[in-house]
Amino acid sequence: MSFVPNIIEPEPSDDGAFDDALLRGLNPQQREAVEFRGQSLLIVAGAGSGKTSVLTRRIAGLLQSREAFPSQILAITFTNKAAAEMRERVHQIVGNEAEGMWISTFHSACVRILRREAEHFGFTKSFTIYDSADSRALLKRILKELEADQYGFTVSSASGKISKLKNELQDVESYARGANFSDPAEVMFLEIFRRYTQALSKANAFDFDDLIGQTVYLFRAFPVVAAHYRRRFRHILVDEYQDTNHAQYSLIHELTRPVRPDIADEVESAGGLVKTKRDSLGAIPGASLTVVGDSDQSIYAFRGADIRNIVEFERDFPNSKVILLEQNYRSTQNILDAANAVISNNFDRKDKKLFTDIGKGNKIVGFTGYSGHDEAQFIADEITKMHDEGIAYKDMAVFYRTNAQTRALEEIFIRSALPYRVLGGTKFYERAEIKDAMAYLIAVANPSDPLALRRIMNVPKRGIGPATETALQSWADAHDTSLRDAVRNAGELGLGPKVTGEILEFGSILDEVMATVTASDDWDPTTGTGRAAAKVSDILIALLEKTKFVETLRASRDAQDEARAENVEELVAVTKEFQKNNPDGTLLDFLTEVSLVAAADDLDDSSGTVSLMTLHTAKGLEYEAVFLTGVEEDLLPHRMSAGEPGGPAEERRLFYVGITRARQRLFISLAMTRAAYGNVNVAMPSRYLQEIPADLIEWRQSPGMANSRGGTEPRALNARRDGSAWGSSLREAAALPPGKPKEKTQWANMVTNVVRDNSALELSAGDRIRHTDFGEGRVTAVTGEGAKRVAEVQFETAGRKRLLIKIAPIEKVE
DNA sequence: AGCACTAGTTAATTA
DNA sequence: AACTAGTGCT
């Protein structure tokens, strides 16, 4: 179906231009950012400066004043969640006029374009999208084939390098041109890259980076195709511009270029009416561009974000206007002072100082734990206190640098019966059983994809092992056809009768279901003759039933398989939900949606849980109270960043992003020892801590001399918890020379290893108990039912705690 | 040939 | 803790 352009220019309304409501409550800079009209605009928006509001009102203004049709607007955000929020807010202002705008992420905008245009360059519109796990699996095969480990390649080094090249719009040929062929490792890499690229195109698949890169390629190779989009999108707005990489930057450039007169002629003769858009020379002028960003929040250099894109915006887009938003509407002045002080240590940045008029607020609270668990306990205690003061759990968040840090936090949160959720950790769609079920869907959507086919060939077990798979693949190679064809023709391979039967059965299940995916040729929705395309949920259910997928899981004696079966059922529910929200949604639409969900997207604000997430995930979010944890050398800044140019500066920005997420309360914590990979290391306070003016922090427990005197002094602080398990173990760990690994691991996992079941313990208010870590105390209240019974206990020395009775290491005294 | 179990190895941030 | 290689059984 070809693209239907808007050929009529909307008429600017003359009845008083701008709706006053659009400008209400804005400061002068914000107002200017909403009202400015011109070719290019850069809004430098500090953290919490109301940029989303500005952006949405700017869009609403364009629509209300009839300067643009909705279909002429393209707004790009970094997460689907941000896109949904923006759509919602524009909708609130202008109502149904918001329909037809493209508000989406870079990736989903590119998928839409690629699905439409894929046929131009050797793909079909049913292409699949390889997520990072898929492309790693593919690379793993390639590395094995080539025995590339001999040259020091690992899956992650190869995928990192390929991703980096793609983000710079390099392909195999351009890389080969600059390659050093006397270096065998480089020759090997070139071969890896070549095979990887070939495998993708043979599978009719794009990886994540391709989505952007191939769209740029498409525009450059097919000017008439590009002209369609350049003509359509007259106003392009990009959020989080500081995090764009070179490919994304180029995409924006391609979209905002003018259309040359001769190309415009061509478009016109092909039936696209463009007369009204042409200027006096016959060209179509470039679209207007608005970008919003903050170079102080650029934290994605590791995936190719180039801070220069925003720094050099004015050079790239001549005659652009720059507007600075510095007034912050989110945080207290104390928090902003800390943020300003920290970020001012980054040199070569444009000076920018956030300010607010909501007052100084509370001091930042600092805490140094003896271990990661001790730190987590502090956090749990403070969360409980704040909850008692009336702050909802959903308004509190805990940030950390690495996902591994969640373990200690989760353990303590479970013990303290705090409701929490981890954002972006092991995601639903990354679970093996979900990936298997998804692979079934992909196999019927895109029969050329061998990766999906291989994944499910023996799931559930059908006796098709590696040897059989290799036989199928060689048959396919020998007959120059696909793996799927080999499966169909398994009878000709001369394999055993049992396996052959299984393979043919497997193949016919896929073929049968695939036949239902698209509507029959004689389908007529008005008369109801023929057969409509099957619903996504029905496709999935058919596959699961015919293959006995769930049945097999349920029959397994592995207890975890029951949970896996439930997860698969959950996926069925997801497809039903999808179909409800998108009545006309196809299988491809579903697969696309799933492959594009990002970590920050599955955030559900309504639930009453504390949110745990990495600092990266936290960008763009805000909370009443924020805990910044693990503020230690080698963690923040992370050890791995030390070698990279600009690494420490980027880590500082990460810290800055964390600080500026907090509205009222900010807690900064660290630990003196931290468990990693089974052993325990002494940790040093982060250098960034000293960059916060001392009078802004109130230390509940300061790192003291830990920094300057190398770890002997801080144990004086241990006096507080004499005889406690953690304190004494710490002493061992810090003082003991290496060589007694057994004892070390024993205590590193101590918290997990304590398996107990106190379900039968009768407790009521007034009882006295003894806790192995906190000592003696009195129960003040018992709430909850069954396994979720919680005791509130006032300890004599350790203060008040909430304990999950079932697993708490406690006993009654007297 | 494939499966299940065990033992041994090796561990590298951030979406 | 999570993956790989090796073993013995069907």
Side-chain angles (χ1 to χ4, degrees), chain A residues 77-82 105-107 131-133 135-137 140 144 149 152 154-157 159-160 163 167 207-209 211-212 240 243-245 248 297-305 399-407 423-427 429-430 432 457-472 495-500 502-503 556-558 595-602 613-620 630 632 634-644 646-648 650-655 657-658 675-679 745 748-749 752-753:
Chain A
T77 60
F78 254 70
T79 63
N80 294 308
K81 180 173 183 283
T105 63
F106 271 107
H107 290 101
D131 66 17
S132 50
S135 53
R136 291 174 71 95
K140 201 169 169 182
K144 208 163 194 172
D149 51 336
T154 62
V155 171
S156 73
S157 71
S159 88
S163 171
N167 286 333
D207 70 16
F208 240 67
D209 301 312
L211 295 178
I212 318 285
E240 308 280 15
D243 284 329
T244 51
N245 60 34
Q248 292 163 333
Q297 293 185 62
S298 162
I299 56 174
Y300 282 108
F302 71 90
R303 57 179 210 207
F399 302 156
Y400 37 82
R401 177 67 237 266
T402 69
N403 280 309
Q405 288 166 255
T406 52
R407 194 161 303 144
L423 295 178
T426 315
K427 280 165 266 161
Y429 291 106
E430 282 167 12
M457 205 176 288
N458 205 22
V459 180
K461 298 248 180 298
R462 319 188 154 83
I464 308 176
T468 311
E469 187 194 304
T470 314
L472 286 164
L495 294 161
K498 197 155 175 238
V499 210
T500 308
E502 290 281 3
I503 301 172
S556 157
R557 51 196 179 78
D558 184 346
S595 37
L596 297 178
V597 285
D601 289 342
D602 49 21
M613 69 191 86
T614 66
L615 283 164
H616 284 91
T617 307
K619 193 178 70 163
E632 297 148 28
D634 291 346
L635 208 49
L636 185 68
H638 196 276
R639 178 189 293 257
M640 293 286 114
S641 71
E644 278 152 41
E650 173 144 328
E651 298 284 307
R652 186 179 279 111
R653 289 194 291 270
L654 203 46
F655 188 48
V657 165
Y677 308 121
N679 44 32
T745 40
N749 290 327
T752 11
N753 288 346

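Proteins get letters first, then strands, A, B, ... in listed order; numbering begins at 1 in each. Keep in mind that what you see is a predicted model, and the values were worked out from it rather than measured.
Using cut-offs of 30° and 60° on the angle between ring planes, the pair A:Tyr300 and A:His616 is tilted.
Note on A:Glu651 versus A:Arg401: salt bridge recorded, some NZ/NE/NH1/NH2 to OD/OE distance being below 4.0 Å.
You'll find that the side chain of A:Ala467 is closest to B:dG2, out of C:dT4, B:dG2, B:dT13. Listed candidates were C:dT4, B:dA4, B:dT13. Nearest to the side chain of A:Lys140 is C:dT4. Here the side chain of A:Thr468 is nearest to one of C:dT4, B:dG2, B:dA15, namely B:dG2. If you check B:dA12, B:dG2, B:dA4 against the side chain of A:Met640, the one that comes closest is B:dA12. Closest to the side chain of A:Arg303, out of B:dC3, B:dA15, B:dG2, is B:dA15.
Rounded to an integer number of Å, the gap from NZ of A:Lys461 to P of B:dC3 is 6 Å. Residue A:His638 contributes atom NE2, which lies 7 Å from atom P of B:dT14 at whole-angstrom precision. Atom-to-atom, NZ of A:Lys619 to P of B:dT13 comes out at 21 Å; the value is rounded to the nearest Å. Atom CZ in A:Phe302 sits about 12 Å away from atom P in B:dT13, given to the nearest Å. Between the CZ atom of A:Phe655 and the C1' atom of B:dT13 there is a distance of 17 Å, rounded to whole Å. In this entry the distance linking CD of A:Gln405 with P of B:dT14 reads 9 Å, nearest Å. In this structure, A:Leu472 places its CG atom 13 Å from P of B:dA1, rounding to the nearest Å. A:Arg136 has its CZ atom 13 Å from the P atom of B:dA15, to the nearest Å.
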Produce a footprint string for nucleotides 5-10 of chain C: one letter per nucleotide, 5' end first; B if the base is under 4.0 Å from any protein heavy atom, S if only the sugar-phosphate is, - if neither.
------
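Nucleotides C:dA5 and B:dA12, compared at atom C1', are 23 Å apart to the nearest Å. Here, B:dT14 and C:dC3 have their P atoms 16 Å apart, quoted to the whole Å.
Nearest-nucleotide positions on DNA chain B place A:Gly465 closer to the 5' end than the other of A:Thr614 and A:Gly465. With the nearest nucleotide of DNA chain B identified for both A:Gly463 and A:Glu651, A:Gly463 has the one nearer the 5' end.
Side-chain nitrogen and oxygen atoms of A:Asn458 include none within less than 4.0 Å of the OP1 or OP2 phosphate oxygen of B:dG2. Contact annotation: A:Thr154 side-chain N/O to B:dA12 OP1/OP2 distance is not under 4.0 Å. Taking 4.0 angstrom as the limit, A:Ser641 places none of its side-chain polar atoms (N or O) nearer than this to OP1 or OP2 of B:dT14.
Partners of A:His107 under the ring pair (Phe, Tyr, Trp, His ring centres under 6.0 Å) rule, at least two apart in sequence or in another chain, are A:Phe208.
One N or O on the side chain of A:Asn458 and one on the backbone of A:Gly463 form a donor-acceptor pair closer than 3.5 Å. Side chain of A:Thr470 to backbone of A:Pro466: a donor-acceptor contact under 3.5 angstrom is found.
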Assess the residue pair A:Leu615 and A:Ile299 against the criterion (side-chain contact (heavy atoms from CB on, under 4.5 Å)); give the C-alpha distance rounded to whole Å, side-chain angles, the decisive distance to 0.1 Å, and a yes or no.
CA-CA 9 Å; A:Leu615 283 164; A:Ile299 56 174; over 6 Å; no
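Within the 4.0 angstrom heavy-atom criterion, no nucleotide atom of any strand lies near A:Lys498.
The CZ atom of A:Arg462 lies 9.0 Å from the CE atom of A:Met457; values are rounded to the nearest 0.5 Å.
In this structure, A:Tyr300 forms no aromatic stack with the base of B:dT14, since the conditions of centre separation below 5.5 Å and plane angle below 30° are not both met.
The closest side-chain heavy-atom distance from A:Asn245 to A:Arg303 is not below 4.5 Å.
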